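No experiment lies behind these values; they were computed from the predicted model shown. We count ligands from 1, going down the list as the structure has it; atoms in each ligand are counted the same way.
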Amino acid sequence: MELATIEGIIRQHGAQKSGLIAMLQDIQHEYTYLPEDVLRHLSRTLNVPLSRAYSLATFYRAFSLKPKGRHPISVCLGTACHVKGAVKILEKFERELGIKTGQTTPDLNFGLEQVRCLGCCGLAPVVTVGQDLYGKVTVTKVDQIIKRYRKQETAHAKT
Ligand code: FES
């Protein structure tokens, strides 16, 4: 965790208590979660109770106290997707990534979670990776999906 990055975010929002939510949003975006030591740092720097920072961090669904991964994967297990074999797809992601649902890969590239109905049942089974939506996913497509994001990470690491 780069202190300079956190300090930069604090300055960008005027180092004022009123900017706390915006700072938390930027930190969530940067690290995919709100690390405890960062919440402590914000609390000290802005002179707000740590309990206030925690209550915001747990109140809003967009925030997470655990790393979500740069590419958060959600596998829909709603009824339509379940009927079309979503459980097997979720299991395939777990095997390929070497993690269980609710966990994040050690390199923080991927997080895996299950969700209930993404509202596009006609495309069942459905998976989202960040903002990208994949419909009619098959077990064999899982490899391709993961590969696409691994490639992005490799390209990113080279730049
Ligand atoms: S049940 Fe999966 S999108 Fe509706």
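- Ligand 1 lies less than 4.0 angstrom from a heavy atom belonging to Gly119.
- Closest protein heavy atom to atom 3 (S) of ligand 1: Leu118 N, 3.4 Å.
- Within the 4.5 Å cutoff, the side chain of Leu24 has heavy atoms near those of the Leu39 side chain.
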Subject >> Derivation and outcome, side chain to side chain contact (heavy atoms under 4.5 Å, CB included), residues Val115 and Val75 >> reply: CA-CA 6 Å; Val115 290; Val75 179; over 6 Å; no
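- With a cut-off of 2.8 Å, atom 4 (Fe) of ligand 1 has no N, O or S atom of Cys120 in range.
- Ligand-side atoms of ligand 1 in range of Cys76: 1 (S), 2 (Fe), 3 (S), range being under 4.0 angstrom from any heavy atom.
- The closest side-chain donor-acceptor pair between Gln28 and Ser64, if any, does not fall under 3.5 angstrom.
- Counting the atoms of ligand 1 from 1 in the order shown, those under 4.0 Å from a heavy atom of Cys81 are 1 (S), 2 (Fe), 3 (S).
- Using a 4.5 Å heavy-atom threshold, the side chains of Gln144 and Lys147 count as separate.
- Metal site remark for atom 4 (Fe) of ligand 1: Cys121 contributes an N, O or S atom at a distance under 2.8 Å.
- To the nearest 0.5 Å, atom CZ of residue Phe110 and atom CD of residue Gln103 are 15.0 Å apart.
- Remark: ligand 1 atoms within the under-4.0 Å shell around heavy atoms of Ala80 are 1 (S).
- Not a single donor-acceptor pair under 3.5 Å links the side chain of Lys68 to the backbone N or O of Thr104.
- Which parts of ligand 1 touch Gly78 is read off a 4.0 Å heavy-atom cut-off, strictly below it: atoms 1 (S).
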